[in-house]
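Inspection log for the structure reproduced underneath, given as structure tokens.
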Amino acid sequence: MRFTSLVIELIRARPRLIVWIAVLLQAAMWLFVALVFYRSPPGTLATLLAFGREYQVGTDLGPPLPVWLADIAYRAAGGHMFGVYVLAQLCEVATFIALYHLSRAVVGSQQAVLAVLLTMTVLAFSSPALDFGPLVLARPLWALLLLHSWQIIGQGRGNAWFAWSIEAGLLLLTTPAAVFLLLLLVVFAVATAGGRRTLRALDPLFALIVVAVLALPYAVWLMRAETLVLPTLPEVAELNARALHAAWLLGGLVLGAAAIPALTFLNSGLFVAKGEEAPIIYRPPVEPLARNFVYFFALAPALGAVLISGLLGLDAVVGGAGVVLVMSGLAVVVVAGDLIAMRRARMLRMVWAAAVVAPAAGVVLAVLFLPWTGANEIATSMPARAISDFFDDSFARRTNHRLRAVAGETQLASLIALHSGRPHLFIDAEPARTPWINQAKFSETGGVVVWRASDTAGTPPPDILKRFPGIVPEVPRAFEWLVTGRQQLLRIGWAIVRPKGT
């Protein structure tokens, strides 16, 4: 009897089970990393939560939906970051499940598994896993939009218009790149006979009304805030530098998807003994419209985003790599043909698992060993809970009032704003960013001003002393990192601005 790997047989017999197992294991891995090795939120997540506490229709962070959802998840978890991490992983799971359903409609259930597994390697390297925000929330919304767009254009399912309109409206409330992504959907619909046929019905008009209703509050805020500024194109002398920058961005996307060509090369016939029969993953023939749909949305978002980012000189790809590369795995599967031979299945499993686990392993190794090199500090190793508890308790003991606002260095102030009392964040260096509080209100309610202490006296930096001329610095408070190593203790200088009337 010819031996066939159990995984291959499960892909043939229970494809949906394989997808769920792989996706849930990856989510569990990242949640484990967060609970064990994260003592403070990654990236700018603490600032996002401080903004979310205010429930503004719009901020300089972008559309409000990610900010609101992050605060809701944080409150639902009892003021613990675990709720936000779970929300980020739910977005990850929803992305892959939506991609599986789309892939199944195009290449069948068995090869849809391969498309999801390949895409997991891409998103593992190219997009954040726990740093919830617009880049994370936009992934499942874009995947669902693509799924329902194919159901409308390719399968003629008019009942998908309602879900499509809701997802389009939510995407507009998630990321500024939504306009670019929705424009790509319109271009594909107009360019194909099936798309033009669907646009002649009344359903698109009703969907447009739903989208407008959902996006209207944020659009009104944009007009009132006068933030609708048209981007300026670069001058001729800057084109070479912008083109080079775009090439670097494109190289970053290619590097993020490097696991796909590696797996493809290992699955080639170069490493197979002569006469060996490899198990086959079969699919029905892919119709031309479906092939064009996959190729278009695998290439157009990535190339368009790189072009826009290069012209505007943006530091990152518009929409995020996790959005523009979400169809890359399915595109490779479509190119591979109706019959995909799984050669050296054990080696493929090992390389795939290494690609998925490597980012999480890199985070763990960085947390444990980087402090011993004396290199840059790791933001997630800050003791966020101890920091927020200390300053909240100190303010309450000194003033007999609850801490209502915190200012100073934004990163430290955002961590203090995570306390259960949820004080307001005041970005005193850029007060327009926090319109819910100003210098006069901060002086009235009182609060804590924090900064990185550079000496034992806790002397405030000149810019903070200029904005708060009357503060009296306290003795700096030292906090231990998760792994101290050769790093100095985290010393935070601070001062109390007492509420008026006390």
Side-chain angles (χ1 to χ4, degrees), residues 19 23 91-109 111-127 135-136 138-155 160 164 167-168 171 175 177-178 180-189 191-192 194-195 249-250 252-261 263-264 283 286-307 317-337 340 355:
V19 170
V23 171
C91 291
E92 196 88 352
V93 171
T95 301
F96 292 123
I97 297 304
L99 178 62
Y100 170 72
H101 286 283
L102 173 60
S103 303
R104 185 177 64 177
V106 175
V107 297
S109 299
Q111 289 198 12
V113 178
L114 303 183
V116 172
L117 297 180
L118 288 176
T119 308
M120 289 178 68
T121 65
V122 176
L123 299 193
F125 278 96
S126 61
S127 59
L135 300 182
V136 174
R139 291 201 302 255
L141 293 175
W142 177 236
L144 289 169
L145 260 177
L146 290 174
L147 169 63
H148 292 119
S149 297
W150 173 247
Q151 290 177 350
I152 293 169
I153 297 174
Q155 298 178 332
W164 188 97
E167 292 149 8
L171 189 64
T175 172
F180 162 66
L181 298 173
L182 294 177
L183 182 61
L184 291 179
L185 289 171
V186 174
V187 169
F188 182 83
T192 57
L249 292 177
L250 181 60
L253 292 182
V254 173
L255 185 62
I260 289 183
L263 290 168
T264 304
R283 76 168 184 227
V286 178
E287 57 185 278
L289 180 60
R291 192 180 300 270
N292 294 335
F293 182 88
V294 172
Y295 291 162
F296 181 83
F297 288 105
L299 296 175
L303 297 179
V306 166
L307 178 62
V317 175
V318 170
V323 171
V324 301
L325 295 178
V326 75
M327 292 285 281
S328 55
L330 178 56
V332 172
V333 170
V334 172
V335 172
I340 298 180

Can you find a pair of side-chain heavy atoms, one from [X] and one from [Y], that are under 4.5 Å apart?
{"X": "V107", "Y": "V286", "value": "yes"}
{"X": "V23", "Y": "Y100", "value": "no"}
{"X": "I97", "Y": "V19", "value": "yes"}

Might you point out which heavy atoms bring [X] and [Y] nearest each other, and give the distance in Å?
{"X": "A115", "Y": "L330", "value": "CB-CA, 3.8 Å"}
{"X": "I153", "Y": "G194", "value": "CG2-C, 4.0 Å"}
{"X": "S109", "Y": "R104", "value": "OG-CD, 3.2 Å"}

Taking only residues two or more places apart in sequence, or in another chain, which ones meet A336 in a side-chain contact (heavy atoms from CB on, under 4.5 Å)?
->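 Result, side-chain contact (heavy atoms from CB on, under 4.5 Å) vs A336: I340.
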Could you list the residues that satisfy side-chain contact (heavy atoms from CB on, under 4.5 Å) with S328, not counting sequence neighbours?
->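 In terms of side-chain contact (heavy atoms from CB on, under 4.5 Å), with neighbours along the sequence ignored, S328 is linked to V122, I260, L325.
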Can you name the salt bridge (charged side-chain N to carboxylate O under 4.0 Å, His left out) partners of R283, sequence neighbours left out?
->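 So R283 forms a salt bridge (charged side-chain N to carboxylate O under 4.0 Å, His left out) with D338.
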Show me, pair by pair, the donor-acceptor contacts under 3.5 angstrom made by side chains of residues 289-302, not counting sequence neighbours?
unit_1, atom_1, unit_2, atom_2, d
N292, ND2, P288, O, 3.3

Looking at [atom1] of [X] and [atom2] of [Y], how far apart are the two atoms once the value is rounded to the nearest 0.5 Å?
{"X": "L181", "Y": "T175", "atom1": "CG", "atom2": "OG1", "result": "7.0 Å"}
{"X": "L99", "Y": "M327", "atom1": "CG", "atom2": "CE", "result": "7.0 Å"}
{"X": "L253", "Y": "L249", "atom1": "CG", "atom2": "CG", "result": "7.0 Å"}

Side chains of residues 140-152: which donor-acceptor pairs under 3.5 Å do they make with residues two or more places apart or in other chains?
unit_1, atom_1, unit_2, atom_2, d
H148, ND1, L144, O, 3.1
H148, ND1, E167, OE1, 2.9
H148, ND1, E167, OE2, 2.9
S149, OG, L145, O, 2.6
S149, OG, W164, NE1, 2.9

Using the test side-chain hydrogen bond (donor to acceptor under 3.5 Å, both in side chains), find all partners of S127 that sit at least two apart in sequence or belong to another chain.
->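 For S127, the residues satisfying side-chain hydrogen bond (donor to acceptor under 3.5 Å, both in side chains) (neighbours in sequence not counted) are R139.
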